[in-house]
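First the structure, in the form of structure tokens, and then the observations on it.
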Amino acid sequence: MSNYKEIEKKWQKYWEDTKVFEAKNNSSKKKYYYLVEFPYPSGAGLHVGHVRSYTALDALARKKRMMGYNVLFPMGWDAFGAPAEQYAIKNHIHPKDAVKENIKTFKSQVKSLGLSIDWSREFSTTDPEYYKWTQWQFLKFFEHGMAYKAKKNINWCPNCKMGLSNEDSSGGVCERCGHSVEQREKEQWMLRMSDYAEDLIKGLDDTNFMDRIKTAQINWIGKSEGAEVDFKVKEVDECLTVYTTRPDTLYGVTFMVVAPEHPIIDRHSDKIKNMSEIVSYREMAKNKTEFERTQVNKTKTGVCIDGLTGINPITNQEIPIYISDYVMMNYGTGAIMAVPAHDERDFEFATKYNIPIIPVIEQITGEKHDNEKKKNSIVAVLWDPKTDKYLTVNWKDLGGRLFVGGTRNEEEDALDCAKREIIEETGYLHFEYVRDTFPINHHYYAYNKKQAYEIDCTGFLFRLLDDEKTSQQLDEDEEGNFILEWKDKNEIENEVKDELHITTFRNLLHKTAYTGDGKMIHSDILNGLTNKLESIKKMTDYLEKNKLGRKKVNYKLQDWIFSRQRFWGEPIPLIYCDDCGWVPVKEEDLPVLLPDVANYEPTDTGESPLASITDWVNTTCPKCGKKAKRETDTMPNWAGSSWYFLRYMDAHNDKEFVSQDALKYWGKLDFYNGGMEHATRHLLYARFWNQFLYNIGLVPNKEPIDTRVSHGMILGSGGVKMSKSLGNVVNPDDMIELYGADALRCYEMFIGDYEKEVAWSEQGLNGCKRFIDRVVRVGEKVNNQTNYSKSLEKLIHKTIKKVTEDYDQMKFNTVVSSLMILLNEMEKQQEITKDDYRVFLTLFNPIAPHITEEENEKYHLGEAICKSTWPEYDSTKIIDDQKEIAVQVNGKVRATITINVDDSEDEIKAKAYEAENVQNHIKNKEIVKTIVIKGKIVNIVVK
RNA sequence: GCGGGUAUGGCGGAAUUGGCAGACGCGCUAGACUUAGGAUCUAGUGGGGCAACCCUUGCAGGUUCAACUCCUGUUACCCGCACCA
């Protein structure tokens with residue numbers, strides 16, 4: 001621990017005093033806006049993961065400023081929400097004070113890193129001056145009919161005593177405490193986010209998000225195209241409407257399923273004969289947690305509704321209606337048409353409840369030919385349970401290994417045909433039927449008959465009962481041409497090559513729904529079609545024409561549940577009046593402040609703690625002046641973070657949320673860094689919020705963010721997540737104390753690919769400390785001269801180029817390694833010039849700002865680096881006049897030769913042939929060709 | 001199950017985008033200077049072989065004069081979503 005600490009303090013003070021990092025709102029320079037997601041100031045303090053992204057963006061911001069930009073790089077605090085509240089409850093202090101305390105420690109930690117943040121724009125989402133505008137914007141949503149109150153079955157965490165959004169309770173457990181989540185019915189404020197589903201997908205085209213973030217968002221929004229189909233219900237005058245993406249399978253519908261909560265049940269409970277059974281099923285489903293209910297692989301349950309019968313609108317067939325919890329009320333219409341032959345879930349359900357399964361799509365194998373003859377056929381697989389082997393028919397050169405197969409004529413039943421063929425071909429007499437397959441549509445060309453065939457083939461599996469045999473009855477062309485062999489499953493997988501036979505075998509062993517494409521059968525108007533999209537379109541058109549259904553797009557994205565029954569959030573600025581209903585608080589009365597109270601702990605009733613503060617709740621109606629009550633719910637902590645990036649543009653404006661001038665000047669957030677865990681939720685909320693503001697004319701851009709990047713996590717030294725319980729959490733304060741802020745910053749940039757997760761290594765950090773020590777030591781070689789040393793000139797220009805490009809591509813690890821290479825060269829020199837050192841320090845400054853400024857000052861190399869400009873390279877000085885290149889013989893390096901830049905191809909060839917080791921490899925051999933890639937490589941191909 | 005990603009020495013990772021695989025750092029080995037070294041400096045360091053050479057980018061194929069890089073298949077791990085009809 002040298003004087004690093006004093007150096008760091010000195011320069012941090014200098015930056016603060018000179019205000020060099022304060023962004024100007026009225027600058028003629030080009031603007032650039034960098035932002036790292038603002039931290040949640042938790043009691044745990046700063047994590048080394050924060051250091052990684054903060055340093056990275058700080059480096060970019062510092063470089064951009066030196067390149068002449070007016071850079072906005074602000075920081076603030078996201079301090080509403082449950083964690084702060086929990087912390088406060090635990091430590092028996094008011095959340096307000098807890099937040100103040102945490103921000104203080106957090107801020108001093110962040111400051112010790114020496115970031116070039118414009119602290120003049122700092123704010124916290126919990127500042128009344130800030131949340132006034134969050135409330136104001138909520139009222140805009142309300143005014144435009146985008147906020148509504150609805151009774152919702154919400155996810156309720158009994159431990160945190162709080163309602164959770166779907167996003168906060170994914171997997172059926174509370175994100176915060178891990179407790180499993182229950183269902184509770186509650187009146188909730190909702191924002192109509194699902195209205196924006198399409199725009200949120202389309203808007204991605206106007207962003208430069210990484211592809212994986214775009215796809216994550218698209219998947220989250222979950223667009224699906226299909227149709228709604230109206231099924232008449234026989235007993236009542238009502239249609240049961242379902243949503244399906246596969247209207248083409250309508251002829252295969254054999255039952256329907258509605259969600260347990262489906263209102264049709266309540267509407268017609270008088271018609272339902274087994275109502276008590278249904279009620280108890282509903283009870284059971286309700287008591288299940290969302291987690292249990294959505295467990296995949298659990299066996300399906302359900303009850304047939306006795307008294308309501310569906311009618312397939314296209315076949316007029318009567319089909320049963322079930323209730324089952326595998327259908328969700330909150331997606332589609334809460335009711336489905338079930339096609340067990342082509343949907344795995346429906347298949348499972350139908351198998352369990354013995355519901356008929358009608359295939360309407362035939363799997364296609366083989367290749368189509370012209371002039372095909374049609375045949376019906378079977379493939380029969382005989383299984384011997386004693387040996388667990390299957391009987392194969394080995395045709396050797398005449399067709400390879402197959403199973404028993406045969407053609408059946410029109411009158412013959414497929415099962416009879418299969419039995420007959422087994423007896424005739426194999427002689428086995430005693431076996432029993434196990435199962436059959438859906439038919440396969442197979443195409444092949446028979447060379448012996450010079451004829452192409454299209455066959456519909458059903459597969460059968462039989463169990464062998466005993467070994468008793470009769471003599472085979474073979475046709476002439478079969479006699480003596482095959483042998484029978486028992487083979488196990490693996491041998492069959494390897495040896496049966498015929499597509500029809502192997503597919504049939506697989507389908508027999510594992511019978512399930514066929515979800516692939518194929519040829520339509522049993523489907524009247526669709527019969528024979530093989531193109532899925534065409535079938536879907538034809539059926540949808542038919543439905544629309546006959547008023548039986550309509551095209552429909554669905555999204556998984558739901559409306560945003562915007563209420564929390566908690567104390568520590570922005571109060572929702574609405575007042576309920578018995579006469580006027582929900583009335584917004586007048587703009588001049590904003591913000592609605594959180595009252596100062598002693599008790600802010602959550603209640604068992606699920607009511608916000610605010611509800612018990614009567615003199616806060618009781619107020620007058622802003623419209624009619626009568627007695628009225630305030631809304632006691634607060635906003636989720638995603639609210640404040642949905643627009644904070646706009647506020648930095650004009651952080652202390654008390655007239656507007658941001659001035660239009662500031663919005664116009666700063667425009668989009670150019671470069672936004674944050675964790676992958678926010679790829680869907682925060683980013684979607686923020687985009688939705690901003691698109692709404694755009695639509696009502698309050699912001700100039702529909703998409704608020706241009707580029708989005710994500711840093712990889714920093715793991716503990718074993719490659720496992722850092723956690724308190726494992727005791728492998730690294731505290732940045734300790735690292736700064738031991739190695740200095742610059743070394744810590746340098747190490748975190750050098751540690752690896754910025755986007756990938758990496759394991760922490762304190763030895764690696766120590767290596768960076770050594771590097772910085774060497775940077776300081778090499779300063780002792782500085783002489784009185786300017787300009788670059790002749791011996792270093794080329795490398796310096798190359799390094800400027802490489803480092804400049806690598807910063808721009810966020811390849812910080814190779815920035816550091818390039819600088820290490822340059823330093824290694826400098827150390828080899830007797831002395832170095834002022835400019836040599838100065839350019840090195842400038843290139844290193846974005847990563848190690850303190851020590852580079854100090855060294856620059858110590859040797860009087862020029863003005864402070866933060867005020868100077870980024871170095872440029874001279875491309876003419878980068879070109880090597882001589883170069884070592886490899887010579888390969890047959891692709892293997894045999895020698896290296898030195899070439900001049902202006903050597904002709906022939907000269908290079910000559911040099912290559914001359915090289916000693918090349919001679920050894922080409923003598924007595926014929927040179928087929930010689931490839932010369934100028935300045936790169938020579939490859940001599942010999943025979 | 002669906003979607004996305006990753007795989008290179010003992011370790012973290014480079015590779016001009018198809019052109020000498022292993023830059024740079026850590027660690028390790030030997031030596032120097034030292035009362036001392038967890039400081040610093042010098043040399044070495046993918047594996048095999050005395051050597052010429054051979055092998056090597058998860059695995060198996062393919063394209064090419066040339067593949068970590070492109071194509072096909074496959075395995076393992078990580079992340080997100082998940083009965084979404």
Side-chain angles (χ1 to χ4, degrees), chain A residues 170-171 210-220 222-224 226 242-246 249 257 259 293-298 300 324-328 330-339 342-346 348-349 515 554-558 676-677 679-680 712-713 717 719 746-747 750-753 755-768 770-771 773-774 777 798 801-802 805 811 813-821 823-824 827 884-896 917 920 928-942:
Chain A
S170 51
M210 288 184 297
D211 282 343
R212 58 186 176 134
I213 292 176
K214 286 189 183 180
T215 36
Q217 296 214 353
I218 288 166
N219 289 344
W220 188 275
K223 180 176 182 174
S224 91
V242 302
Y243 174 71
T244 178
T245 52
R246 296 299 301 274
T249 61
V257 187
R293 207 179 141 171
T294 54
Q295 274 293 299
V296 190
N297 297 336
K298 92 173 179 209
K300 296 195 171 26
S324 171
D325 61 4
Y326 85 90
V327 173
M328 307 291 148
N330 56 12
Y331 183 79
T333 61
I336 63 158
M337 58 178 227
V339 187
H342 305 294
D343 181 285
E344 279 168 35
R345 295 152 299 173
D346 299 346
E348 192 194 326
F349 195 86
T515 53
N554 254 321
Y555 302 91
K556 282 193 245 177
L557 186 73
Q558 313 254 311
M676 256 328 263
E677 70 274 17
T680 44
M713 244 199 310
S717 47
C746 179
Y747 171 61
F750 186 56
I751 191 167
D753 189 328
E755 287 186 356
K756 286 192 203 143
E757 55 179 29
V758 278
W760 179 263
S761 151
E762 200 164 326
Q763 281 174 332
L765 170 53
N766 192 41
C768 288
R770 282 209 293 246
F771 172 57
D773 288 343
R774 281 165 55 208
R777 233 174 291 135
K798 276 185 177 174
K801 180 172 195 284
K802 169 91 177 135
E805 287 167 358
K811 291 164 92 177
N813 52 341
T814 49
V815 168
V816 177
S817 78
S818 304
L819 291 171
M820 284 173 170
I821 293 169
L823 182 73
N824 288 345
E827 281 178 334
E884 288 239 306
I885 65 162
V887 181
Q888 300 181 327
V889 179
N890 283 350
K892 295 214 162 98
V893 180
R894 297 301 179 186
T896 55
N917 199 32
N920 296 336
V928 181
K929 62 172 155 177
T930 304
I931 292 125
V932 179
I933 308 294
K934 265 205 156 176
K936 284 191 174 157
I937 207 162
V938 178
N939 192 6
I940 304 165
V941 186
V942 297

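Chain naming here is simple, since letters A, B, ... match the order of the sequence lines and numbering starts at 1 in each.
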### Query
A:K756 has an atom NZ; how far is it from atom P of B:U8, in whole Å?
9 Å

#### Entry: Distance, P atom - from B:C83 to B:A14, rounded to whole angstrom
38 Å

### Task
Return the nearest nucleotide to the side chain of A:I931; candidates are B:G19, B:C78, B:A23.
B:G19

### Query
To the nearest Å, how far apart are A:E348 CD and B:C83 P?
13 Å

### Message
Categorize A:I933 for me: base, sugar-phosphate, or nothing, with a 4.0 angstrom heavy-atom threshold over every strand shown.
### Response
base

### Task
Starting at atom NZ of A:K934, determine the distance to atom C1' of B:G18, rounded to an integer number of angstrom.
20 Å

### Task
Using the C1' atoms only, state how far B:G62 lies from B:A51, rounded to an integer number of Å.
36 Å

### Query
So what's the dot-bracket for RNA chain B: Watson-Crick or G-U pairs under 3.5 Å, [ ] if a pair crosses, | if it pairs off-strand?
(((((((..(((......[....)))((((((.......))))))(((....)))..(((((..]....))))))))))))....

### Query
When you check the phosphate oxygens OP1 and OP2 of B:C53, does a side-chain N or O of A:N917 lie under 4.0 Å from one of them?
yes

### Task
Return yes if the base of B:C81 and the side-chain atoms of A:K556 contain a donor-acceptor N/O pair under 3.5 Å, otherwise no.
no

### Interatomic distance at C1', B:A36 relative to B:G44, whole Å
26 Å

### Message
Expressed as a whole number of angstroms, how long is the span from A:F750:CZ to B:G12:C1'?
### Response
8 Å

## Note on the structure
The nucleotide from B:A21, B:C24, B:C55 with an atom nearest the side chain of A:V893 is B:A21

### Summary
Atom CD of A:Q217 and atom C1' of B:G80 are separated, to the nearest Å, by 13 Å

### Query
What nucleic acid atoms does A:E677 come within less than 4.0 Å of, heavy atoms only: base, sugar-phosphate, or nothing?
nothing

### Message
With a 4.0 Å cutoff (strictly under), does any side-chain N or O of A:T814 reach OP1 or OP2 of B:A23?
### Response
no

### Message
Strictly below 4.0 Å: does A:K811 bring a side-chain N or O up to OP1 or OP2 of B:A15?
### Response
yes

#### Entry: Donor + acceptor pair across side chains of A:S224, A:Y555 (<3.5 Å)
no

### Query
Taking OP1 and OP2 of B:A85, is either one under 4.0 Å from a side-chain nitrogen or oxygen of A:Y326?
no

### Summary
Rounded to whole Å, CZ of A:R246 lies from P of B:A85 at a distance of 11 Å

### Task
With P as the reference atom in both, quote the distance from B:A60 to B:U8 in angstrom, rounded to an integer.
16 Å

### Query
Looking at CG of A:N939 and NZ of A:K892, how far apart are the two atoms once the value is rounded to the nearest 0.5 Å?
11.5 Å

### Query
Mind telling me whether B:G10 is syn or anti, cutoff 90° either side of 0?
anti

### Task
Say whether, by atom type as modelled, one donor and one acceptor occur between the side chain of A:Q558 and the main chain of A:N330 under 3.5 angstrom.
yes

#### Entry: salt bridge (Lys or Arg N to Asp or Glu O under 4.0 Å) partners of A:R246, counting only residues at least two apart
A:D248

#### Entry: Neighbour count >12 (heavy atoms, 6.0 Å) for atom NZ, A:K801
no

### Query
Between A:T680 and A:D346, which is nearer to the 5' end of RNA chain B once each is assigned its nearest nucleotide?
A:T680

### Query
When rounded to the nearest Å, what value does the distance between C1' atoms of B:C68 and B:A15 take?
9 Å

### Partner residues of A:Y747 under the ring pair (Phe, Tyr, Trp, His ring centres under 6.0 Å) criterion, sequence neighbours left out
A:W760

### Task
Pick base, sugar-phosphate or nothing for A:T896, based on heavy-atom distances below 4.0 Å to the nucleic acid.
base

### Query
For B:C20, does either OP1 or OP2 sit under 4.0 Å from a side-chain N or O belonging to A:R894?
no

### Task
Compare the minimum distances between each of B:G3, B:G12, B:G19 and the side chain of A:I937, then state the nucleotide with the smallest one.
B:G19

### Query
Roughly how far apart, to the nearest Å, are B:U56 and B:G9 at atom P?
14 Å

### Query
Mind telling me whether B:U8 is syn or anti, cutoff 90° either side of 0?
anti

### Message
Does the plane of the ring in A:Y326 sit parallel, tilted or perpendicular to the ring in A:F349? Use 30° and 60° as the thresholds.
### Response
tilted

### Task
In whole angstrom, give the distance that lies between atom CD of A:E755 and atom P of B:A14.
12 Å

### Message
For A:R894 and A:N920, which I'm curious about, is there any donor-acceptor pair between the side chains at under 3.5 Å?
### Response
no

### Query
Out of B:A23, B:C83, B:C65, which has the shortest distance to the side chain of A:K300?
B:C83

## Note on the structure
Rounded to whole Å, CE of A:M210 lies from P of B:U6 at a distance of 11 Å

## Note on the structure
With the side chain defined as heavy atoms from C-beta on, A:N939 is closest, among B:C83, B:G25, B:A66, to B:A66

#### Entry: Candidates B:C20, B:C78, B:A14 - which lies nearest the side chain of A:E884
B:C20

### Query
Distance between the C1' atoms of B:G13 and B:C59, in whole angstroms?
23 Å

### Query
If the P atom of B:G58 is compared with that of B:U69, how far apart are they to the nearest Å?
8 Å

#### Entry: Nearest listed nucleotide, side chain of A:I336, among B:G3, B:C65, B:A85
B:A85

## Note on the structure
Looking only at B:G3, B:U40, B:C78, the nucleotide nearest the A:R777 side chain is B:U40

### Query
Is the shortest side-chain N/O distance from A:N766 to OP1 or OP2 of B:G38 below 4.0 Å?
no

